[in-house]
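Both ligands and their constituent atoms are indexed starting at 1 by order of listing. Along the sequence shown, residues are numbered consecutively beginning with 1.
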Amino acid sequence: MNPRRISKPIQIGSVTVGGSAPIVVQSMTSTDTRDIISTISQIRELEECGCELVRVAVPDAEAARAIEAIKKGIAIPLIADIHFDYRLALMALEAGADGLRLNPGNIGEPEKVKAVVKAAKERSIPIRIGVNAGSLPKGADPRLTTARQMVKAALQQIKLLESLDFDLIKVSLKAFDVPTTIEAYKDIAPKVPYPLHIGVTEAGLPRTGVIRSAVGIGTLLWLGIGDTVRVSLTAHPREEVVAAYEILKSLDLRQHGPILVSCPSCGRTEVDIIELAQAVEKRLSGIDKPIKVAVMGCVVNGPGEAKDADVGIACGKGKAILFKKGKKIGVIEEKDFVRVLMREVERF
Ligand code: SF4
């Protein structure tokens, strides 16, 4: 894996993004921001599964004003997502937003951009320049690839903020198309010092969206690119947080909750390994400590993997060998597989 790209850290509320800080997991609420109770409730749910930054849509003044009350009910920093109306950005800052996501190009006249940048600077609030492949500025050079057009648009926006002596910048360049996303981030990474927010946008329903995101985000992380991650799914945002951690855990970039190792099963297995692994996964979902748990389907190849885990079982006919930290610690009956395995996990 490539060493992580060096970026200039920024502070979003209590969370550092970039530099040597851990890669931050974020999501976006799907509630109506004006519905303060539902939005707080969803953000708390996201906090419980490990979300570290949350973004809310700010489509109007009522949503901007709601930020103040929402902030009182949540523990993680909040980023206001603004499009077009600079007054909403000013109101969101006034209401206590910890970050802004906007595209200065959409704000219009320089005086309006200046007003937002001035207010953000006074409060040391970072701005994410978010360029999406689907909303490139009109008049983009058709000779350039979509990725290059995205980078060009982002560099123009960055230049605009820098010209106003503002450098609390984070950048994202998202596309639905994975190769375009990768090309865009690879292109911009050496050109700017700012932290990069990475993701594949509108990735789809969880089954395919998680795969697209894992390929896109995973490739970028492998290249050392990315300081904060959002997996965009057509699903409850908690699924985005779970998927983001799985991607980071797969590359050993973050530890968060258990890792379940389960074999694909084959003709050798004498238990219903799918049902067993699902039951264990369900029980593990309530645990936030990092622990590696193995559920293996036979005593031929199973013990090797089960030994490698913190706690594991290798199942035979009606019985399983129980391993803890590589040592066989007992034999358990089929009716006790989940109960005893979980007891050992909890003791670990
Ligand atoms: Fe088959 Fe055993 Fe390997 Fe599972 S661990 S896939 S049952 S050989």
TODO: Kindly indicate whether the side chain of E334, heavy atoms from C-beta on, has any atom under 4.5 Å from the side chain of V271.
DONE: yes
Open item on the list: Could you tell me if the side chain of T29 sits less than 4.5 Å from the side chain of R55, heavy atoms only?
Closed with: no
- [ ] Just let me know how S265 lines up against ligand 1, side chain, backbone, both or neither, with a heavy-atom cut-off below 4.0 Å.
- [x] backbone
Task: E162 with K159: basic N within carboxylate O range, under 4.0 Å - done: no
Open item on the list: Is C298 close enough to atom 1 (Fe) of ligand 1 that one of its N, O or S atoms comes in under 2.8 Å?
Closed with: no
Task: Protein heavy-atom partner closest to atom 4 (Fe) of ligand 1 - residue, atom, separation in Å - done: C263 SG, 2.4 Å
Open item on the list: For atom 1 (Fe) of ligand 1, what's the nearest protein heavy-atom neighbour? Residue, atom name and distance, please.
Closed with: C266 SG, 2.3 Å
TODO: Taking only heavy atoms of R268 into account, list the atoms of ligand 1 that are under 4.0 Å away from them.
DONE: 8 (S)
Task: Sole candidate of E240, E239, H236 that passes side chain to side chain donor-acceptor pair (under 3.5 Å) when paired with S27 - done: E240
Open item on the list: So does V17 get a backbone contact from the side chain of D227, meaning a donor-acceptor N/O pair under 3.5 Å?
Closed with: no
